[in-house]
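Below is one structure, written out as C-alpha cells; comments come after it.
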Amino acid sequence: MLTIGRLASYAGVTIRAVRHYHQVGLLGEPERDASGYRSYDAAAVVRLIRIRTLAEAGVPLARVRELLDADPATFAAATTEIDRQLRTQVRALQEHRRRIARLGSGDTLAVPAEVVDYLDRLRALGVPAAVIEGERDGWILMAARWPEAIPAFMADKVAQLENPKVVRFYRLIGRIAENQHDEELLRETADLMSEMFAQAEASGELDQQNEVMPDVAFIRLMDSFADAAHPVVARLRELVAERGWTGWTVVEKRNP
C-alpha cells in the first residue's frame, strides 16, 4: 500500500494535484487507517497516470472522467471531438499571434485594415506623426460607432487624396502642428477649407452627411474630440465660420 506522497511520485504528479483530483471526483479518496493516513493501491496509480496523460494531452478535467469510464467507441468519438476543439483553439491562437505581429506600431491597434492603409498613405505624403495620431484616434471612434461603414468611408477618403486641395490641406495641417501660432498659415488653411467645403457642396456631398452619419450626439462627440486634440482647432473653426461654414465633423453652410 502507498502513501499519498509515494502515489504522486509513481504517477509523476504533485501531492497537490492528487488532492485536487480527489476534490473534483476523478480519483477515489480512500478511508484513513487507524493511524490517520490514507493508503493507495496499484489501481490508484494506474488511474492517476491515465488522468495525468489525458490532462497533459489537453483534455479538460470536466471530460476526463467521461473518457476514463468510456467504452472504445465512445472514447474514440470523444477524442475526435476534443481534437477538433483543440485545432480550433490553435487557429485562434495563431490568429492572435498574427494580429500581435501586425501591430508593430500603435497605428494598427483597434482600427480596421482599411484605416491602416489610409494612414500609411498619409504618412507617404509626408504628414507628420502627430497629425496621423489624431486621424487614427478619430477613426477608432468612427469604427466603433459605424464599423460596417468603414470600407466605404475609407474608399472615399482614399479617392479624396487624388484631389490636390486635400493633399495641400494635410500638408498645411502638418505645418500648423509645428507652428500653431502662425496666423497667416491658419488663415491660408481656413481659406483652403472654405474652398473644399464649397466644392463638396456643389457636388452634393454635404447633403449626404446626415444620411451617412445620422447620430447627432456622436457628431458632437467627434467635434469635442477634435477640439480637445489640439488647441489650434478652435481657432480654425473660428476662421472657417468667418468664411461662412459651421461644424467640423459635419459641415454646413452658415445662415446669413
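Along the sequence shown, the residues carry numbers beginning at 1.
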Review point. Which pair of non-hydrogen atoms, one from Arg243 and one from Ala190, has the smallest distance, and what is that distance?
Key: CD-O, 3.6 Å

Considering only distance and modelled atom types, tabulate donor-acceptor pairs under 3.5 Å from the side chains of residues 57-79, sequence neighbours left out.
unit_1	atom_1	unit_2	atom_2	d
Arg63	NE	Glu66	OE1	3.3
Arg63	NH2	Glu66	OE1	3.4
Arg63	NH2	Glu66	OE2	3.2
Arg65	NH1	Gly25	O	3.3
Arg65	NH2	Gly25	O	2.5
Asp71	OD1	Ala73	N	3.1
Asp71	OD1	Thr74	N	2.8
Asp71	OD1	Thr74	OG1	3.1
Asp71	OD2	Thr74	OG1	3.2
Thr79	OG1	Phe75	O	3.0
Thr79	OG1	Ala76	O	2.9

**Study point:** Approximate separation, where rounding is to 0.5 Å, of Thr249 OG1 and Arg220 CZ
**Key:** 12.0 Å

Exercise for review: Answer yes or no: is there a donor N or O on one side and an acceptor on the other, between the side chain of Glu135 and the main chain of Leu119, under 3.5 Å?
Suggested key: no

Point to revise | Validation row: Phe169, Gln160 side chains within 4.5 angstrom (heavy atoms) | key: no

**Study point:** Beyond-backbone contact of Asp182 with Ile176, side-chain heavy atoms, under 4.5 angstrom
**Key:** no

Point to revise | Candidate pair Arg91 and Glu95, rule salt bridge (charged side-chain N to carboxylate O under 4.0 Å, His left out), full reasoning | key: CA-CA 6 Å; Arg91 285 194 295 271; Glu95 177 59 23; over 6 Å; no

Exercise for review: First locate atom CG of Leu185, then atom CD of Gln180, and finally report the distance between them rounded to the nearest 0.5 Å.
Suggested key: 11.0 Å

Review point. Going by heavy atoms in the side chains, are His181 and Asn179 under 4.5 Å from each other?
Key: yes

Exercise for review: Applying side chain to side chain contact (heavy atoms under 4.5 Å, CB included), run through Thr14 and His20 and close with a yes or a no.
Suggested key: CA-CA 10 Å; Thr14 64; His20 178 66; over 6 Å; no

Point to revise | Residues Glu178, Arg175; criterion salt bridge (charged side-chain N to carboxylate O under 4.0 Å, His left out); working and verdict | key: CA-CA 5 Å; Glu178 298 171 355; Arg175 289 170 58 193; over 6 Å; no

Review point. Can you tell if the side chain of Met213 reaches within under 4.5 Å of the side chain of Phe218, non-hydrogen atoms only?
Key: no

Exercise for review: Please name all residues satisfying side-chain hydrogen bond (donor to acceptor under 3.5 Å, both in side chains) with Asp137, sequence neighbours left out, ordered by chain then number.
Suggested key: none

Point to revise | Leu206 backbone acceptor or donor facing Gln209 side chain under 3.5 Å | key: yes

Study note, to complete from the structure: Residues passing the side-chain hydrogen bond (donor to acceptor under 3.5 Å, both in side chains) test with Arg145, sequence neighbours excluded, are Asp215

Check your understanding: Going only through I, L, V, M, F, W and Y residues with side-chain contacts under 4.5 Å, is there a path from Met196 to Leu125?
Key -> yes

Practice item. Could you give me the CA-CA distance, side-chain angles and deciding distance for Asp83 and Arg87, then say whether salt bridge (charged side-chain N to carboxylate O under 4.0 Å, His left out) is met? Key: CA-CA 6 Å; Asp83 181 65; Arg87 282 187 279 112; 2.9 Å; yes

Study note, to complete from the structure: Residues Gly138 and Met222: closest non-hydrogen pair is O-CE, 3.6 Å

Practice item. Hey, can you tell me if Tyr40 and His22 have their rings parallel, tilted or perpendicular (30° and 60° cut-offs)? Key: parallel

Review point. When you look at Glu188 and Glu184, which way does the side chain to side chain contact (heavy atoms under 4.5 Å, CB included) test go after all the steps?
Key: CA-CA 6 Å; Glu188 180 182 354; Glu184 182 178 344; 5.7 Å; no

Review point. NZ of Lys165: more than 12 outside heavy atoms within 6.0 angstrom?
Key: yes

**Study point:** Separation between CD1 of Ile140 and CZ of Arg136, rounded to the nearest 0.5 Å
**Key:** 5.5 Å

Practice item. With side chain to side chain donor-acceptor pair (under 3.5 Å) as the test, would you mind laying out the steps for Glu195 and Gln199 before giving the verdict? Key: CA-CA 6 Å; Glu195 292 175 19; Gln199 188 178 61; over 6 Å; no

**Study point:** ILVMFWY cluster, Tyr10 and Tyr37 together (side-chain gap under 4.5 Å)
**Key:** no

Exercise for review: In sequence, state the C-alpha distance, the side-chain angles, and the governing distance for Leu122 and Leu161, and then conclude on side chain to side chain contact (heavy atoms under 4.5 Å, CB included).
Suggested key: CA-CA 9 Å; Leu122 293 183; Leu161 293 180; 4.0 Å; yes

Atom pairs and distances, donor-acceptor, side-chain atoms in residues 46-53, under 3.5 Å, two or more places apart:
unit_1	atom_1	unit_2	atom_2	d
Arg47	NE	Leu26	O	2.7
Arg47	NH2	Leu26	O	3.3
Arg52	NH1	Ala11	O	2.6
Thr53	OG1	Ile49	O	2.8

Check your understanding: What are the two closest non-hydrogen atoms of Val233 and Ala226, and how far apart are they?
Key -> CG2-O, 3.3 Å

Check your understanding: How long is the gap from CD on Glu201 to CZ on Phe197, to the nearest 0.5 Å?
Key -> 11.5 Å

**Study point:** Atom pair OG1/CZ of Thr189 and Arg171 - distance to nearest 0.5 Å
**Key:** 13.5 Å

Check your understanding: Yes or no on side chain to side chain contact (heavy atoms under 4.5 Å, CB included) for Met154 and Asp117, after CA distance, side-chain angles and deciding distance?
Key -> CA-CA 9 Å; Met154 289 297 98; Asp117 176 67; over 6 Å; no

Review point. If only atom types and distance count, is the side chain of Asp41 paired as donor or acceptor with the main-chain N or O of Ala44 below 3.5 Å?
Key: yes

Exercise for review: For the residue pair Val127 and Ile173, establish whether any side-chain heavy-atom pair is separated by less than 4.5 Å.
Suggested key: no

Practice item. Ignoring hydrogens and angles, tell me if any N or O in the side chain of Arg97 forms a donor-acceptor pair with the backbone of Leu93 under 3.5 Å. Key: no

Review point. Which heavy-atom pair separates Pro30 from Ser39 by the least distance, and what is that distance?
Key: CG-O, 3.3 Å

Exercise for review: Check side-chain hydrogen bond (donor to acceptor under 3.5 Å, both in side chains) between Glu114 and all other residues, then give those that pass, not counting sequence neighbours.
Suggested key: none

**Study point:** Under the side-chain hydrogen bond (donor to acceptor under 3.5 Å, both in side chains) test, residues paired with Glu238 that sit two or more places apart
**Key:** Arg235

Review point. Does the side chain of Trp146 reach to within under 4.5 Å of the side chain of Pro214, using non-hydrogen atoms?
Key: yes

Review point. Any donor and acceptor pair, going by atom type alone, linking the side chain of Ser9 with main-chain N or O of Gly5 inside 3.5 Å?
Key: no

**Study point:** Under 3.5 Å donor-acceptor, Asp223 side chain and Gly247 backbone
**Key:** no

Exercise for review: May I ask you to decide if Ala241's main-chain N or O and Arg254's side chain share a donor-acceptor pair within less than 3.5 Å?
Suggested key: yes

Point to revise | Heavy atoms from other residues, nucleotides or ligands near CD of Glu148 exceed 12 (cutoff 6.0 Å) | key: yes

Check your understanding: Quick one: CD on Gln89 to CZ on Arg84, what's the gap to the nearest 0.5 Å?
Key -> 10.0 Å

